[in-house]
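Here the structure comes first, spelled out in structure tokens, and everything after it is commentary.
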Amino acid sequence: MGKGCVTATKYFLFLFNLILFLLGVLITGFGLWLLLDNQSFIVVLNNNLSVKVACYILIGVGAFSMLMGFIGCVGAIYEIRCLLGLFFTCLLLMLVAQITAGALIYFQKSLVNEEMSKIVSQVLEDYPGNSSTTEQAWDFIQRNMECCGWNGRQDWSGNMIIVNSSQLLFPCSCQNASLSAANVSDSGFCEAQTPDWPVYDVGCATSVESWLLTNIGIVLGICLGVALVEVLGMILSICLCKNIQREDYTKVPKY
């Protein structure tokens with residue numbers, strides 16, 4: 001490879017590593033958003049260990065991508081063979097890990113949906129146990145998505161406060177303002193005038209699943225972009241590593 005090609009490869013590798021670094025920032029930011037956001041459905045799932053682990057994995061992958069981008073930039077600009085070799089190896093391992101994780105998520109979709117349904121059912125049964133952030137997030141979802149329960153209003157039939165009350169209580173966040181007007185109580189429940197609750201008929205499952213799929217699409221899109229950059233980075237790094245001029249130590253003066 002000519003000197004001009006080596007120089008071009010070096011600067012293209014620097015560019016791709018810069019992109020990898022920025023994509024790592026995006027993945028880390030998305031993982032932090034899922035972990036810290038208090039007004040999204042993910043808060044309802046935050047008590048689940050697997051969800052928290054997934055968030056931490058996203059943050060870890062993003063941070064590692066940023067580190068690899070930095071190492072690749074330094075190795076490319078200063079033509080350091082050991083850094084380029086380390087960069088290639090780490091990119092290969094990251095690519096294998098991403099493919100494995102994607103396959104596991106794809107083949108375990110039904111298990112994820114089942115686990116999510118169990119978590120929401122437990123939230124509805126315990127509501128409003130301690131007015132936690134989880135319960136506030138669920139109220140936010142029902143009000144803004146105009147839905148009630150997971151599959152429908154019948155999901156609230158297991159709530160012990162509603163079951164044990166002598167009044168016709170229903171969750172205020174489910175209330176359909178076009179059917180009735182009532183004040184939200186401190187407990188989160190309102191009193192109905194008839195056995196037929198003035199609430200939304202549709203469950204939140206469809207809207208929430210759509211929200212999750214939308215955000216998962218963003219994550220997968222970012223991961224696909226990272227994978228493409230990784231493959232290009234691997235090709236460029238191995239080409240540059242092979243064509244960096246080695247020092248001829250036989251010409252070093254001896255004293």
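Just so it is clear, the values below take in all heavy atoms, side chains as well, and ignore hydrogens, waters and symmetry mates. Predicted model only: the values in this text are computed from it and were never measured.
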Using residues 159-170 as the side-chain source, report each donor-acceptor pair under 3.5 Å to any protein atom, sequence neighbours left out, with the distance given to one decimal.
unit_1 : atom_1 : unit_2 : atom_2 : d
Asn159 : OD1    : Ile161 : N      : 3.0
Asn159 : OD1    : Ile162 : N      : 3.2
Asn159 : ND2    : Leu124 : O      : 2.8
Asn159 : ND2    : Tyr127 : O      : 2.4
Asn164 : ND2    : Met160 : O      : 3.1
Ser165 : OG     : Gln167 : N      : 3.1
Gln167 : NE2    : Glu191 : OE1    : 3.4

Got a list of side-chain donor-acceptor pairs under 3.5 Å for residues 12-29, not counting sequence neighbours?
unit_1 : atom_1 : unit_2 : atom_2 : d
Asn17  : ND2    : Leu13  : O      : 2.7
Thr28  : OG1    : Gly24  : O      : 2.9
Thr28  : OG1    : Ala63  : N      : 3.2

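Taking Ile, Leu, Val, Met, Phe, Trp and Tyr as members and joining any whose side-chain heavy atoms lie under 4.5 Å apart, directly or through other members, Val202 forms no hydrophobic cluster with any other residue.
With contacts defined as side-chain heavy-atom distances shorter than 4.5 Å, the pair Val96/Thr100 qualifies.
With hydrophobic clusters built from ILVMFWY side chains whose heavy atoms lie under 4.5 angstrom apart, Ile235 shares a cluster with Phe87. Both Leu92 and Leu236 belong to a single network of hydrophobic side chains, linked directly or stepwise wherever heavy atoms of I, L, V, M, F, W or Y lie under 4.5 Å apart. Leu93 and Met66 fall into different hydrophobic clusters, where Ile, Leu, Val, Met, Phe, Trp and Tyr side chains are chained together by heavy-atom contacts under 4.5 Å.
Listed by chain and residue number, Thr7, Ile77 satisfy the side chain to side chain contact (heavy atoms under 4.5 Å, CB included) test with Tyr11 (two or more places apart in sequence, or in another chain). Remark: Gln122 pairs with Asp126 by the side chain to side chain donor-acceptor pair (under 3.5 Å) rule, at least two apart or across chains. For the side chain to side chain contact (heavy atoms under 4.5 Å, CB included) test, residues two or more places apart in sequence or in another chain that qualify with Leu86 are Ile71, Cys90. Take Asn144 and apply the side chain to side chain contact (heavy atoms under 4.5 Å, CB included) test, not counting sequence neighbours, and it matches Phe140. Annotation: disulfide (SG to SG under 2.5 Å) contacts of Cys174 (sequence neighbours excluded): Cys148. Residues satisfying the side chain to side chain contact (heavy atoms under 4.5 Å, CB included) criterion with Leu228, sequence neighbours excluded, are Leu232.
Summarising the geometry of Asn151 relative to Ala205, their closest heavy-atom pair is OD1-CB, 4.2 Å, with the distance given to 0.1 Å. Shown here for Cys241 and Arg81, the closest heavy-atom pair between the two residues is O-NH1, 2.6 Å. The shortest non-hydrogen separation linking Glu125 to Gly158 is CG-O, 4.0 Å. The two atoms that bring Leu95 and Met234 nearest to each other are CD2-SD, 4.4 Å, heavy atoms only.
Interatomic distance, Gln142 CD to Tyr200 OH, rounded to the nearest 0.5 Å: 10.0 Å.
Judged by distance alone, with hydrogens and angles left aside, the side-chain atoms of Asp139 form no donor-acceptor pair with the main-chain N or O of Ser173 at under 3.5 Å.
The aromatic rings of Trp156 and Phe189 stand perpendicular to each other, their planes meeting at an angle above 60°, with 30° marking the opposite boundary.
Screening residues 192-208 for salt bridge (Lys or Arg N to Asp or Glu O under 4.0 Å) gives Arg153-Asp196, Arg153-Asp201 as the qualifying pairs, with residues at least two apart or on separate chains.
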